[in-house]
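Remarks on the structure that follows.
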Amino acid sequence: MAIPSDSEGGTNPKPGGVKDKGDGKAVPEDTTNGLGREGEEDEDEDEDEIEEDEEEDGDEEAEENVTPSSERKNLDRLLRRLSGGPVRLRVHDVIIRGNTKTKDALIESEVLDAFRTASSMQELLQAAGLANTRLRQLDIFYSVNITLDSGPSELPGTANVVIDIVEAKNPLTGDFGVYSKPEARSWSLEGSLKLKNLFGYGDILDASGAYGFDQTSEISAGVSLPRFKAISTPLMARVSLLSHDWLKFSSYKERLLGLSFGLISTRNHDLTYNLTWRNLSDPSRVSSKSIRRQLGHSLLSSVKYTFRVDHRDSHLRPTRGFAFLSTSQVGGLGPDSRILRFIRQEFDLRGAFPLGFYHAAVNFGVAAGAILPWGSGFMNSTTPLSERFYMGGQSSPVCNLGGPTSLLGFKLRGLGPSDLRRVIPPKRGEDEATTSSERDASGSITSPGRDVTGGDFAVTAFADLSFDLPLKVFRESGVHGHVFINAGNLVKLTDDEFKNFSVKRFLEMFRSSAGFGIIFPTRFFRMEINYCYILKQFQHDHGKTGIQFSFSTP
């Protein structure tokens, strides 16, 4: 497809061939046409010299000795001209080659905007790198090469963009693995299959499944389209079936059947719609009163908007920059009385700055979130269990940008509001040994434990100092150390609890921990071995001083 060029662009020279080798940078490929008429005369002289040598000697070494020298001269001349200032240039045509299945319209929609605005050789090189990145992000091509060649001789100052595509030979890919979660003391089997570009629109059909030995399982399937016809935003649809066992923490099991649609997806903005049928059950029959009130079936119909900006230089070890995340969710879109009605908002702000020695850097962050019911009688309503905030676990607050959830040193769902589980009295005639084992020294029946019920308002904060270790082998492999301190708190606001809320008491109830550790960054995740010391916790919290392992993904 041709991009209109400026045929009155003056007597600017025709561009030389420039090739993008797939690493996002365009480099000169054939510079003999990039030097104007003077360069063409030099090229003719070189060719005449080579032909004379071939006729006189018949020796191929003469051509090998002359041609590289000529190319180096032309290349040096082109580079001097590029560094001297903008070289006026317009794109005349975009030529796509090698795509047997992929539609031309898909490729054009990804690259035309970048090339259409280029007005100089320098801008054209940048556009080639951007176009290469966009095509590779489609995840359907084996390789992408972009060559910039001279335009028609009757249109000086123009270039042709040649895009060579190599499509993946096998559209079906998959992976399978066993993953551990030390903080939850659980293992899981996970696998996925992807069928790419079946219809030529960059479509990706995928299916995934996971089974956890903590009785957690998930099966899902989805389809995504980067662009379709006149719709410029990616489209996504996904159906999933999830079963999660929270009996250990909150005395209920959760089963969800959901359907989600991606409405808008750009670099900074995401808008999705979710329709989920949910069932909460208590097979143990010891759940607390707060849990029992929400057992049964419910329907979630919600719209979720996410705004994300991340200008940090790394996700695994940030040393400079900032990141911000805002997530807004409105549930209750529909007339059914069983639809969960709530408004949920969370913020997450991160920053990093270098110290100038030992590659040291300070990372800091603050996250907050709140959820409230809405609708008729909302003052006396409660928020759904699954949508509340839970805090604890061993995920790194530096790596994850996901709201007020992480607090090192505390177990998963290890702090916050809780409720006493139901006490089941022993049956008449029950064995005395069994009965006595359920009683304490005073003879009363011991407490069966407490259910973590989550909070409606949560705040976390952290500070982390990372630095290189003295050994060279650690520095070369990226292994480094860090010291940290983090704090957080969450409270319940519904069921008239907001009447007892005060900022002073909320700050006094902050849990906190500090520690140090060694970080092993890899390409896919960040592993930490930390020694955590609990600075402050309360009666029903589950924090532990000692060595802990952490695995986090950006």
Side-chain angles (χ1 to χ4, degrees), residues 244 246 249-254 256 274 276-282 287-304 326-348 367-392 402-405 407 412-422 449-460 488-511 538-541:
H244 209 138
W246 296 111
F249 307 99
S250 303
S251 294
Y252 69 87
K253 284 188 175 182
E254 182 180 25
L256 302 97
N274 297 279
T276 304
W277 168 83
R278 177 179 291 152
N279 180 36
L280 303 183
S281 62
D282 174 26
S287 60
S288 61
K289 183 181 297 185
S290 300
I291 302 296
R292 292 199 302 271
R293 284 190 302 176
Q294 297 207 27
L295 297 179
H297 302 275
S298 59
L299 190 64
L300 171 64
S301 174
S302 69
V303 172
K304 186 175 183 180
S326 172
T327 302
S328 307
Q329 185 177 8
V330 179
L333 306 180
D336 197 305
S337 61
R338 291 174 298 177
I339 290 182
L340 304 175
R341 303 184 187 277
F342 63 91
I343 300 175
R344 192 176 193 268
Q345 177 66 54
E346 58 184 289
F347 300 98
D348 200 338
I371 177 173
L372 293 172
W374 69 273
S376 178
F378 74 95
M379 294 292 291
N380 299 320
S381 302
T382 187
T383 50
L385 275 171
S386 301
E387 306 302 328
R388 293 176 184 171
F389 295 94
Y390 296 89
M391 199 172 292
T405 58
L407 198 61
L412 187 66
R413 295 196 175 196
L415 67 153
S418 61
D419 197 2
L420 185 66
R421 291 176 180 172
R422 180 164 54 180
R450 303 183 70 87
D451 287 334
V452 179
T453 58
D456 301 315
F457 178 59
V459 176
T460 60
N489 190 20
L490 71 163
V491 295
K492 190 176 180 181
L493 297 178
T494 52
D495 295 330
D496 291 333
E497 291 291 335
F498 69 92
K499 298 178 181 179
N500 302 321
F501 177 81
S502 70
V503 175
K504 180 180 179 181
R505 177 171 174 78
F506 181 75
L507 295 176
E508 291 175 348
M509 295 291 290
F510 261 69
R511 286 79 161 174
F538 294 94
Q539 181 180 1
H540 301 298
D541 296 339

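These numbers come from the heavy atoms of this one structure, side chains and all, not from hydrogens, waters or symmetry mates.
Side-chain contact between Met391 and Thr405 is absent, with no heavy-atom pair separated by less than 4.5 Å. Arg278 is listed as a side-chain neighbour of Leu340, based on a closest heavy-atom distance under 4.5 Å. No side-chain heavy atom of Ile291 sits less than 4.5 Å from a side-chain heavy atom of Asp282. Residues Pro417 and Leu490 form a side-chain contact, since some pair of their non-hydrogen atoms from C-beta on lies under 4.5 Å apart. Contact annotation: the side chain of Glu346 never approaches that of Asp348 to less than 4.5 Å [non-hydrogen atoms, C-beta and beyond]. When side chains are defined from C-beta on, Tyr390 counts as touching Arg388, because their heavy atoms get closer than 4.5 Å. A heavy-atom distance below 4.5 Å is found between the side chains of Leu407 and Arg511. Looking only at side-chain heavy atoms (C-beta outward), Leu420 and Ser288 stay at 4.5 Å or farther from each other.
When every heavy atom of Glu387 is checked against every heavy atom of Phe342, the shortest pair comes out as CG-CZ, 3.7 Å. Taking every heavy atom of both residues into account, Gly331 and Ser302 meet most closely at CA-CB, 3.7 Å. The nearest pair of heavy atoms linking Arg450 to Ser418 is NE-OG, 2.9 Å. Residues Thr382 and Pro373 come closest through the heavy atom pair O-CB, 4.1 Å. Across Gly403 and Ala367, no two heavy atoms sit closer than the pair C-CB, 3.7 Å. Closest of all the heavy-atom pairs between Gly455 and Ile371 is O-CG2, 4.2 Å.
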task = Starting from the C-alpha separation in whole Å, work towards a yes-or-no answer on side chain to side chain contact (heavy atoms under 4.5 Å, CB included) for Val459 and Phe510.
result = CA-CA 9 Å; Val459 176; Phe510 261 69; 4.0 Å; yes
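In this structure, CG in Asp419 is found 6.5 Å from OG1 in Thr453, a value given to the nearest 0.5 Å. Atoms CG and CD, from Asn274 and Gln329 in turn, are 7.0 Å apart once rounded to the nearest 0.5 Å. To the nearest 0.5 angstrom, Asn489 atom CG is 7.5 Å from Leu415 atom CG.
Partners of Ser326 under the side-chain hydrogen bond (donor to acceptor under 3.5 Å, both in side chains) rule, at least two apart in sequence or in another chain, are Gln345.
The closest side-chain donor-acceptor pair between Ser251 and Asp451 falls under 3.5 angstrom.
Ring planes of Phe506 and Phe501: tilted class, angle from 30 to 60°. Classification of the Trp246-His244 ring pair by plane angle, with boundaries at 30° and 60°, yields parallel.
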Just list the side-chain donor-acceptor pairs under 3.5 Å for residues 292-300, sequence neighbours left out, or say none.
residue: Arg292; atom: NH1; partner: Ser287; partner atom: O; Å: 2.6
residue: Arg293; atom: NH2; partner: Asp495; partner atom: OD2; Å: 3.1
residue: Gln294; atom: OE1; partner: Leu385; partner atom: N; Å: 3.0
residue: Gln294; atom: NE2; partner: Thr383; partner atom: O; Å: 2.9
residue: His297; atom: ND1; partner: Trp277; partner atom: NE1; Å: 3.2

